[in-house]
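A, B, ... follow the sequence lines: proteins, then strands. Residue 1 opens every chain. Only this structure's heavy atoms are used, side chains among them; waters, hydrogens and symmetry mates stay out.
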2 protein chains.
Amino acid sequence: MNPHFSPVALEKAYRLINHGPTVLVSARHDGVDNVMAAAWACALDFTPPKLTVVIDKNTRTRDLVEKSGRFLVQVPTVALAELTRAVGTTSLLDMPDKLERAGVAFFAVEGVDLPFVAGCSAWLACRVMPEPHIQATYDLFIGEVVGAWADDRVFRDGHWQFETAGPEWRSLHHIAGGHFYAIGAALDHDDFRSNRPKI
Amino acid sequence: MNPHFSPVALEKAYRLINHGPTVLVSARHDGVDNVMAAAWACALDFTPPKLTVVIDKNTRTRDLVEKSGRFLVQVPTVALAELTRAVGTTSLLDMPDKLERAGVAFFAVEGVDLPFVAGCSAWLACRVMPEPHIQATYDLFIGEVVGAWADDRVFRDGHWQFETAGPEWRSLHHIAGGHFYAIGAALDHDDFRSNRPKI
């Protein structure tokens, strides 16, 4: 077990995804584990924390989420860029060894029956808040976050530490077609420029 | 009028927010214009493009959006960090001169009756797809994107040009309490490390 895997207080869980990273969504049902990438995940509420995620009907993960009522949203890093691309562009439905090929290593967390992807920087365990209409119409799922953890090398004391963690810990932000940006420089209130648009 | 204000094809509109930037949401109704910041905005579909945004009941913008059925999602830049913080932490309800104090300059776009914030890098005009249950329960709004534009100094040919545009054009990604990160380095498929998690 990674000794840096640390609980995050639920009231601060939104901070793990507030900056809009591309995430990995994993789920488990009836002996099947899977994980997919999702750029369309977003915080929805602070307390209790909730989030939204779009899970397409043509994914294997969708079925696992609907049947188990649970899923895990996790924040991959620059070190996992190739894994993220791979699990986001292949499906267990037509590639049974998708996880092995992508190099996915799951680990277990006591008391949480979900597959945790090793090497991520943060993990949010969610239960589906059933909203059949938006699930069917928009592929949009609402999750209540019931557990949150982070790797304390990059998130601790309630804050991301991108400034001091190595560049391999940066979050990924997908645009299209395998083109990502890493998160960049910190910008605090004191640093703000006074520039005004010239238009 | 900013000569760099350029239309973006609707099928590529999702790319303007796919990397998870904090956005500005503006709206207009009955002679009142307003704008707020929102970290909780997310793409929802490609074609026709749709997005979600959380708009709290205690904002003036919420009322304008509900009454007009329209809103504008726009991507602020590092140069607008202080403006973004200001419009995200004050309300027109208790500060009537909020927009002037924050230095917001609106511009008009022919045929689109919405207030466009000058200096942003991208703009997405949306019509509300009425979903009363999730609006009331989660403050969650679904918008169909009916028009998209970008400043061609930072987004052109369907792609963000953060690598070559000046640092003041970078998108903002809010964590909490006025602490932002700017978007960072590009990471293309060829650049991916082969690092695997050591756990």
Trainee: If Ile, Leu, Val, Met, Phe, Trp and Tyr residues are connected whenever their side-chain heavy atoms lie under 4.5 Å apart, and connections chain through other members, are A/Val73 and A/Phe141 in the same group?
Mentor: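 Yes, because A/Val73 and A/Phe141 connect within a single hydrophobic cluster, where side-chain heavy atoms sit under 4.5 Å apart.
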
Trainee: Can you tell which part of A/Ile142 gets under 4.5 Å to a heavy atom of chain B, answering side chain, backbone, both or neither?
Mentor: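 Interface part for A/Ile142: side chain.
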
Trainee: Which atom names give the shortest non-hydrogen contact between B/Tyr181 and A/Gln161, and what distance separates them?
Mentor: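 Nearest pair, atom of B/Tyr181 first, then A/Gln161: OH-N, 4.4 Å.
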
Trainee: Search all heavy atoms of B/His19 against all heavy atoms of A/His173 and return the closest pair with its distance.
Mentor: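 Heavy-atom minimum between the residues: O-ND1, 2.9 Å.
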
Trainee: Which atoms of B/His4 are under 4.5 Å from chain A, going by heavy atoms: the side chain, the backbone, both sets, or neither?
Mentor: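 For B/His4, no heavy atom lies under 4.5 Å from chain A.
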
Trainee: Evaluate the side-chain proximity of A/Leu140 to B/Leu140: yes if any heavy-atom separation is below 4.5 Å, no if none is.
Mentor: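 B/Leu140 reaches A/Leu140 side chain to side chain.
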
Trainee: Treat each ILVMFWY residue as a node, draw an edge where side-chain heavy atoms are under 4.5 Å apart, and state whether A/Val128 and A/Val145 are in one component.
Mentor: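 A/Val128 clusters together with A/Val145.
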
Trainee: Looking at A/His174 and B/Asn18, what are the two nearest heavy atoms and their distance?
Mentor: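 So the minimum-distance heavy-atom pair works out to O-ND2, 2.9 Å.
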
Trainee: Hydrophobic clusters here meaning ILVMFWY residues chained together by side-chain heavy-atom distances under 4.5 Å, can you tell me if A/Leu83 and A/Val35 are in one?
Mentor: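 In one cluster: yes.
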
Trainee: What pair of heavy atoms forms the shortest contact from B/Leu187 to A/Ala81, and how long is it?
Mentor: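 Looking at all heavy atoms of both residues, the closest pair is CD2-CB, 3.9 Å.
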
Trainee: Which one wins on heavy-atom pair count under 4.5 Å against chain B: A/Trp160, A/Tyr138, A/Phe162?
Mentor: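 Of A/Trp160, A/Tyr138, A/Phe162, A/Tyr138 has the most heavy-atom pairs under 4.5 Å with chain B.
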
Trainee: Checking A/Leu172 against chain B: side chain, backbone, both or neither under 4.5 Å from a heavy atom?
Mentor: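 Side chain of A/Leu172 only, per the 4.5 Å heavy-atom cut-off to chain B.
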
Trainee: Determine the option with the most heavy-atom pairs under 4.5 angstrom with chain A, choosing from B/Glu163, B/Glu131, B/Arg15.
Mentor: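 Of the candidates given, the most pairs with chain A belong to B/Glu131.
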
Trainee: For chain A, which of B/Leu44, B/Ile134, B/Asp45, B/Leu16 has the most heavy-atom pairs under 4.5 Å?
Mentor: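 Top option by heavy-atom pairs under 4.5 Å: B/Leu44.
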
Trainee: In terms of relative ring orientation, are B/Phe46 and A/Trp40 parallel, tilted or perpendicular, with 30° and 60° separating the classes?
Mentor: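 Tilted.
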
Trainee: Answer with yes or no whether the hydrophobic clustering places B/Val112 together with B/Leu51; edges join I, L, V, M, F, W, Y residues whose side-chain heavy atoms lie under 4.5 Å apart.
Mentor: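 Cluster IDs for B/Val112 and B/Leu51 differ.
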
Trainee: Identify whether B/Val23 and B/Val117 are in the same connected component of the hydrophobic contact network (ILVMFWY, side-chain heavy atoms under 4.5 Å).
Mentor: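 Different hydrophobic clusters.
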
Trainee: Look at the rings of A/His159 and B/His179 and say which category their plane angle falls in: under 30° parallel, 30 to 60° tilted, over 60° perpendicular.
Mentor: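 Perpendicular.
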
Trainee: Which atoms of A/Ser171 come close to chain B, meaning under 4.5 Å heavy atom to heavy atom: side chain ones, backbone ones, both, or neither?
Mentor: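 It is neither, since no heavy atom gets under 4.5 Å.
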
Trainee: Kindly compute the distance separating CD1 (A/Ile175) from CZ (B/Phe155), expressed to the nearest 0.5 Å.
Mentor: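 The distance works out to 8.0 Å.
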
Trainee: Find the one option among B/Ala43, B/Pro21, B/Gly20 whose heavy-atom pairs under 4.5 Å with chain A are most numerous.
Mentor: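 The candidate making the most pairs under 4.5 Å is B/Ala43.
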
Trainee: A/Phe5 versus chain B, heavy atoms under 4.5 Å apart: side chain, backbone, both or neither?
Mentor: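 Contact with chain B is absent: no heavy atom of A/Phe5 under 4.5 Å.
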
Trainee: Looking only at heavy atoms, what is the nearest atom pair of B/Ala39 and A/Cys42, with distance?
Mentor: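 It is O-SG, 4.4 Å.
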
Trainee: Tell me, side chain or backbone of A/Lys50 under 4.5 Å from chain B's heavy atoms, or both, or neither?
Mentor: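 Answer is side chain: those atoms of A/Lys50 sit under 4.5 Å from chain B.
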
